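Below you'll find the structure, written out as structure tokens, and then a few comments.
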Amino acid sequence: MHGKVVVITGATSGIGEVAAQRLAAMGARMVLVARDKERGEAALTRLRSGTSLAHSIHYGDLSRISEMKRLAAQIAAAERRIDVLINNAGAIFGSRQVTEDNLELTFATNHLAYFVLTLGLRERLFASAPARIVNTASGAHKGRVLDFDDLQSTKGYSAMNVYGRSKLCNILFTRELSRRWSGSGITVNCLHPGFVATRFGDGSGGLLSYGVRLAKTIAISPEKGAQTLIYLASSPDVAGVSGEYFYQCRPATPTQEARDDAAAKRLWIESAKLEAGPK
Ligand SMILES: NC(=O)c1ccc[n+]([C@@H]2O[C@H](COP(=O)([O-])OP(=O)(O)OC[C@H]3O[C@@H](n4cnc5c(N)ncnc54)[C@H](OP(=O)(O)O)[C@@H]3O)[C@@H](O)[C@H]2O)c1
């Protein structure tokens, strides 16, 4: 990874932070995207203590479209090339919340941010080809189906269902992006990290955070959970692989709903409309 520039979201804790540290140790210069100054500076300090590279950080809230776009523009202005983009920031919320763009918070943070940030960095990625995009998805997509008439979950809200659907979006986005950008020299893959003991779910509220905390007693470590992320970002084994879903550093088969190319196309169109904003 010497000489490579890696942009990563959600690296203030959990699997994102472990991945950032390991990739930096391999020689990559890391560009972090974080929302909280205190956690961001702490993560950057930990990262800098391990290597002498000029790692950097950009701040913004990835649940807001204007911020996703500003972050992409800011990173594109600062970095001449981007060899790897890792879309990893994500969360689960115990109750339905709406962003200032009138979007359901899980959908905005876990799916739309991947879409807007990636498209905003398109020029830099193309100029750096061969380049890679890695999207953190989840096995939680299993059993979930997208409702295109209600992407914002206005009809009913179940945290696990809405979270699972956002992770289904990650896989569909990976497939469609890979198809659209085929021949560009940019590969796009996604992954399930396993059930990992991170800060995930801690702030989700009420019974859900209690349940997640309890379940984490049997979860794997962030070091283990980050392995597939690191593998997809750096291994020569997957240099020519694109559009796949990985688990434990091996290609895996996601559900039929996650392999639905018509749904992937439709999701792209709906996401592009949201990105463009009201006419
Ligand atoms: N843990 C698991 O078992 C598991 C399983 C499958 C998939 N995943 C996925 O793995 C990814 C990483 O999660 P993790 O387990 O490492 O959890 P984590 O420790 O909670 O890390 C989540 C990261 O996302 C950032 N983030 C959340 N909302 C954000 C926003 N609006 N703007 C900017 N950054 C934001 C957090 O920043 P702050 O520090 O500011 O909170 C943090 O850096 C997520 O996509 C998650 O869905 C996790």
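Counting starts at 1 for both ligands and their atoms, in listed order. Keep in mind that what you see is a predicted model, and the values were worked out from it rather than measured.
Ligand 1 does not have E17 within reach: every non-hydrogen atom of the residue lies 4.0 Å or more from it. In this structure, S63 counts as a contact residue of ligand 1, since one of its heavy atoms falls inside 4.0 Å of the ligand. Ligand 1 lies out of reach of A43, whose nearest heavy atom is not under 4.0 Å from it.
Only side-chain heavy atoms of R39 come within less than 4.0 Å of ligand 1; its backbone N, CA, C and O stay farther off. Residue contacts with ligand 1 for A140 are absent, since no atom lies close enough (heavy atoms, distance under 4.0 Å). Using a 4.0 Å cut-off between heavy atoms, V33 makes no contact with ligand 1 at all. With a 4.0 Å cut-off on non-hydrogen atoms, F93 does not touch ligand 1 at all. Counting heavy atoms under 4.0 Å from ligand 1, residue L62 touches it through both backbone and side chain. If you look at P193 next to ligand 1, the close heavy atoms, those under 4.0 Å, all belong to the side chain.
Through direct or indirect side-chain contacts shorter than 4.5 Å among Ile, Leu, Val, Met, Phe, Trp and Tyr, Y157 is connected to F93, L105, V162.
Among N110, D61, L191, T106, the residue whose heavy atom lies closest to atom 31 (N) of ligand 1 is D61.
Taking R122 as the reference, nothing meets the side chain to side chain donor-acceptor pair (under 3.5 Å) condition, with sequence neighbours excluded.
The shortest side-chain heavy-atom distance between E176 and L267 does not fall under the 4.5 Å cut-off.
Residue-to-ligand polar distances place F200 within reach of ligand 1: an N/O pair is separated by less than 3.5 Å.
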